[in-house]
Amino acid sequence: MPVPGGDGAVQTVGRVFVTPELDGWRRLVFGPYDLLLGEGWEDMVETVERVSRHCAQAQLFFVDDAGGSDVWFVAEAGCVIRPYAAESDPEWEGDPLPWETLAVDDPYFDPAYDDAPPNAGTAGARTACGHLSVEPDLVGSGTETRGHGWLALTSPHASHGAFPGLLPL
C-alpha cells in the first residue's frame, strides 16, 4: 500500500507476520521479501547484521525453488559469520558451523575427481534452517508454541488501518 514516508515521499508499505516463539526459537518473519530486506545482497547482509546486534544472533534464509536461489546467513553481534549462496563463487564463506557436514567429508566426494574449498559445506537453506532454528515446513500441531504472533508493518510511517487484500505467506 502506498503511504507518505518520513520525508514526505510516497513509499510502498506491506505487512509481515511475526510468529510466536516456536520450539524455543524467538521468531520467524514471513512477508514480502523486497519490502523486508530490499533488493540486493547488501540489503540482506545489512538486515541480518542489524537484527543480530539487537538479538545476539540472527539468521536469514531464502529459497526460490523455481529460480534456483538457495541462500542462508548466520550473523552474531552485528557481523555475518557464515554466509552461503548457491549462485555465488565461492558459495561458502567463513568457518563451518559445528553441525555442518563438509563437502570433502561427504561419502560421494572423490578427491581424484572433485574439488572443494576446505570450508565448503553440503547444507542448503532448508537444512541450515532446521539446525539453526525451526524448519518452517515442519511446523505443525506438535510444535511447542509460546506467546502470540503479530501483524507488523514494514515502515513506521504507516498507520495500522485496513490493508487491501490478503497477506501472502
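Small disclaimer: the values here were computed from a predicted structure and weren't measured. Positions are given from 1, in the same order as the sequence printed here.
- Residues passing the side-chain contact (heavy atoms from CB on, under 4.5 Å) test with A86 are D70, Y84, sequence neighbours excluded.
- The ring pair (Phe, Tyr, Trp, His ring centres under 6.0 Å) contacts involving residues 103-123 comprise nothing, where partners must be two or more places apart or lie in separate chains.
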Pair up each side-chain donor or acceptor in residues 73-81 with any protein partner under 3.5 Å, not counting sequence neighbours, and list the distances.
{"unit_1": "E76", "atom_1": "OE2", "unit_2": "Q57", "atom_2": "NE2", "d": "2.8"}

Please list, one pair per line, the donor and acceptor atoms closer than 3.5 Å that link side chains of residues 114-132 to other protein atoms, with sequence neighbours excluded.
{"unit_1": "D114", "atom_1": "OD2", "unit_2": "D110", "atom_2": "N", "d": "2.8"}
{"unit_1": "N119", "atom_1": "ND2", "unit_2": "G94", "atom_2": "O", "d": "3.0"}
{"unit_1": "T122", "atom_1": "OG1", "unit_2": "T101", "atom_2": "O", "d": "3.1"}
{"unit_1": "R126", "atom_1": "NE", "unit_2": "D137", "atom_2": "OD2", "d": "3.4"}
{"unit_1": "R126", "atom_1": "NH1", "unit_2": "D65", "atom_2": "OD1", "d": "3.2"}
{"unit_1": "R126", "atom_1": "NH2", "unit_2": "D65", "atom_2": "OD2", "d": "2.9"}

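- Judged as a salt bridge (Lys or Arg N to Asp or Glu O under 4.0 Å), the pairs with a partner in residues 84-106 (not counting sequence neighbours) are, in order, R82-E100.
- E49 is listed as a side-chain neighbour of R53, based on a closest heavy-atom distance under 4.5 Å.
- Contact between L22 and V139 at its shortest, heavy atoms only, is CD1-CG2, 4.2 Å.
- Interatomic distance, CZ of R50 versus CG of D43, reported as 9.5 Å (0.5 Å rounding).
- Side-chain atoms of S133 and F61, non-hydrogen and from C-beta on, do get closer than 4.5 Å to each other.
- Under a hydrophobic-cluster definition in which Ile, Leu, Val, Met, Phe, Trp and Tyr are linked whenever side-chain heavy atoms come within less than 4.5 Å, directly or via other members, F62 and V51 are assigned to different clusters.
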